[in-house]
Amino acid sequence: MLNLMSNSSDKNVPKEYGGLMARLWNIDIVHGHSLSLDQQLTVQSALIVPLSGEASLQQAEQITRMNKGCVYFCAAGSTFGITSDDHRSVEEQELTAVAILHFGFYEGELGCGRLHEVDDAAFTPYDGIFVVSSPDRLNLVCRTMHKEFHSKDPLKQWRVQIDFQELLYTMVAGCGPYAKNDKRQALERVKEYIEEHYNEDLTIDELAGLSELSPKYFVEVYKKTYGHSAMDYLANVRLNKAKQLMLGSDSLLREVAHMVGYKDEFYFSRKFKKAFGISPSVYMKTRKNKMALYGSTTLLGYVMPLDFTPYAAPLHPKWSQHYYNVLGPDIPVHLDAYRQNHNKYANLEKLASARPELIVCAYGIEEWEKDQLRLIAPLYEMPGEHEGWQSNLLGLAEVLDKLPEAEQWIEGFHRKISSYREKLPPGRMGQRTLLTARLHQDELMSYSHPGMKELLYDDFNFQPALSLDFENGRGLTMEQIKESCAGHILLLIRQDSETLAHWRRLQATPEWMTLPAVREGSFHQLSSYPWREYSPIAMEHMAEEAFRLFSGKCP
């Protein structure tokens, strides 16, 4: 039996507004015909304001189609991404523009002159959406604040803080925590009802009745709010529940169909195959083993080469975007991967409920976690990075009885590396130097890991611009970067609001623009995945991207 203690707190109770102050820390307007902003971490809370075009907001796993006249709140420590929804040709599209305002709330204490930061979520609506009465006015205010915030005039910079306070007052007074956004809350109740009663014969009339909206209006507003219909959501819940029931179970197909609300097993089979590209019977045969991954999304980079889909694994649209998109629909139980297994207690509870037959955990997790995992199922701990990805892959393959698959994958990987190496222009081999670095907030620092060293220096024969003895994570000055004479600069930029704001400022400085690698077009910005992961799949993707960067060709 599991013995878990978690720290839980009650939902925030709205506070008094007397003495409340707000500070606008940054405002940006992102725009484009095909806007795509990867999920980023908000260090300070953010307000997202759609100004023009059609766009969706993704917060963790929830996707919301944004409406003009609405302001969307993202709490500090959460993630968000933005994508355009307009699929017309570029000539026909309206330019999508979205304002992003990072801010903080502060409260003064009576009788003293000190302010302390308070939880922003306590002053936001239940669903995190403010509705403003005049969308045009909101658009104008945001664009004016953006212009004045980035002005060099101190008075205008002061003025924008006053304008921001006024904007917040308008938003909070109109739909703050003392007012209810009944329509959105009604739709959330419908979603919860679907998740609890998915096995019943639900109809649009019944769901509309729960929301106290007419059936026609309910269909329209549900689709506009969530980007899919209520019936599509019901089908998605049913089919994912069916996956869980089929794995590790001896239930017959018709029994599974009935348990998730389908009376006709043949109709269920057609829906399942259309959704997942595989029939339920084939799925049940290929997913007999209930293996779970715990502790790091990197583990998914080890099971993919073995053609093995786990029953449970940590997934997140930011911290494991590739695996979330590729494997997410096929993994029945998603463990929370916020900041790489940040919510440990909840994950252990969820894993216990899933009842896996084997758990594979990341190297170095805490001893108390291992003890809890062993109470759930037999445990295999992956060796550390020092063993090398090939040795680690073969070790896991032996546990899963997949050695031929592992050996075949490794052989194919080395063939691919040899092919890339032969195709790289001879003039760039052994003569070019690389500087690999990372930007975190306002600090540039050296950065590399075993996979980068193995690929760039051993496999592709480049030379480090700084000695490999140069301490990983050591701060770098612009003068050191210039003196390194690096032929190429590879830079990882942490995807959080503070770092991205500093990166925009750094790019505009003369010191950055005059770096030889920047002037000559041999500066390359790297994404967190695959360049921060050490796994077989990440190595393959790094090789593909490095070949493209250094040869100008796509593999």
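Just so you know, these numbers come straight off a predicted model, no measurement behind them.
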To the nearest 0.5 Å, tell me how far [X] [atom1] sits from [Y] [atom2].
X: Ile63; Y: Leu57; atom1: CD1; atom2: CG; value: 9.5 Å
X: Asp496; Y: Gln44; atom1: CG; atom2: CD; value: 9.0 Å
X: Ile489; Y: Ser484; atom1: CD1; atom2: OG; value: 6.5 Å
X: Trp531; Y: Ser448; atom1: CH2; atom2: OG; value: 12.0 Å
X: Asn343; Y: Leu335; atom1: CG; atom2: CG; value: 11.0 Å
X: Met445; Y: His440; atom1: CE; atom2: NE2; value: 6.5 Å

If the condition is salt bridge (Lys or Arg N to Asp or Glu O under 4.0 Å), which residues does Lys370 pass it with, not counting sequence neighbours? Glu367, Glu381
Taking side chain as C-beta onward, heavy atoms only, is [X] less than 4.5 Å from [Y]?
X: Val71; Y: Leu167; value: no
X: Thr298; Y: Met382; value: no
X: Lys482; Y: Leu515; value: yes
X: Asp153; Y: Arg159; value: no
X: Tyr72; Y: Pro50; value: yes
X: Tyr222; Y: Lys191; value: yes
X: Leu466; Y: Leu476; value: yes
X: Leu549; Y: His488; value: no

The criterion is side-chain contact (heavy atoms from CB on, under 4.5 Å); which residues satisfy it with Thr144, sequence neighbours excluded? Leu140, Glu148
Hey, can you tell me if Phe547 and Tyr420 have their rings parallel, tilted or perpendicular (30° and 60° cut-offs)? parallel
Before giving the answer on side chain to side chain contact (heavy atoms under 4.5 Å, CB included), spell out for Asp442 and Leu506 the whole-Å C-alpha distance, their side-chain angles and the decisive distance to 0.1 Å. CA-CA 9 Å; Asp442 61 352; Leu506 178 63; over 6 Å; no
If you look at every heavy atom in [X] and [Y], which pair is closest and at what distance?
X: Leu526; Y: Leu492; result: O-CD2, 3.8 Å
X: Leu24; Y: Phe164; result: CB-CD2, 3.8 Å
X: Pro310; Y: Pro332; result: O-CD, 4.1 Å
X: Gln58; Y: Pro317; result: NE2-CB, 3.5 Å
X: Cys74; Y: Ser78; result: C-OG, 3.7 Å
X: Pro536; Y: Trp409; result: O-CH2, 3.1 Å

Which residues pass the side-chain hydrogen bond (donor to acceptor under 3.5 Å, both in side chains) test with [X], sequence neighbours left out?
X: Tyr447; answer: none
X: His146; answer: none
X: Tyr106; answer: Trp25

Report the C-alpha separation of Ile29 and Cys142 in whole Å, then their side-chain angles, then the decisive distance to 0.1 Å, and conclude whether the side chain to side chain contact (heavy atoms under 4.5 Å, CB included) test is met. CA-CA 9 Å; Ile29 294 179; Cys142 286; 5.5 Å; no
Look at atom [atom1] of [X] and say whether more than 12 heavy atoms of other residues, nucleotides or ligands are closer to it than 6.0 Å.
X: Phe276; atom1: CZ; result: yes
X: Lys68; atom1: NZ; result: yes
X: Asp307; atom1: CG; result: no

Go through it in stages, so that I can follow the logic: the residues are Tyr294 and Glu369, the test is side-chain hydrogen bond (donor to acceptor under 3.5 Å, both in side chains), and I'd like the CA-CA distance, side-chain angles, deciding distance and then a yes or no. CA-CA 10 Å; Tyr294 176 88; Glu369 291 177 87; 2.5 Å; yes
For the backbone of [Y] and the side chain of [X], can you confirm whether one donor and one acceptor N or O come within less than 3.5 Å of each other?
X: Asp336; Y: Asn347; answer: no
X: Thr433; Y: Gln463; answer: no
X: Thr64; Y: Met66; answer: no
X: Gln495; Y: Leu41; answer: no
X: Ser36; Y: Ser84; answer: no
X: Gln157; Y: Ser151; answer: yes
X: Ser497; Y: Thr42; answer: no
X: Ser522; Y: Ala517; answer: yes
X: Asn325; Y: Gln321; answer: yes
X: Thr499; Y: Gln441; answer: yes

Only residue of Leu300, Thr297, Leu293 satisfying side-chain contact (heavy atoms from CB on, under 4.5 Å) with Leu315 is Leu300
Scan side-chain atoms only and decide if Asp232 and Asn236 contain a donor-acceptor pair under the 3.5 Å cut-off. no
Any side-chain donor-acceptor pair under 3.5 Å between Glu533 and Tyr323? yes
For residues 502-516, pull every pair meeting side chain to side chain donor-acceptor pair (under 3.5 Å), keeping only residues two or more places apart or in separate chains. Asp28-Arg504
Evaluate the criterion side-chain hydrogen bond (donor to acceptor under 3.5 Å, both in side chains) for residue pair Tyr324 and His334; output intermediate values, then yes/no. CA-CA 9 Å; Tyr324 180 84; His334 291 194; 5.9 Å; no
Test side chain to side chain contact (heavy atoms under 4.5 Å, CB included) applied to Leu306 and Leu393, step by step: CA-CA 9 Å; Leu306 306 178; Leu393 178 62; 3.9 Å; yes
Residue pair Leu35, His31: steps toward the side chain to side chain contact (heavy atoms under 4.5 Å, CB included) verdict: CA-CA 6 Å; Leu35 183 62; His31 52 79; 5.8 Å; no
Is the distance between the ring centroids of Phe460 and Phe550 under 6.0 Å? no
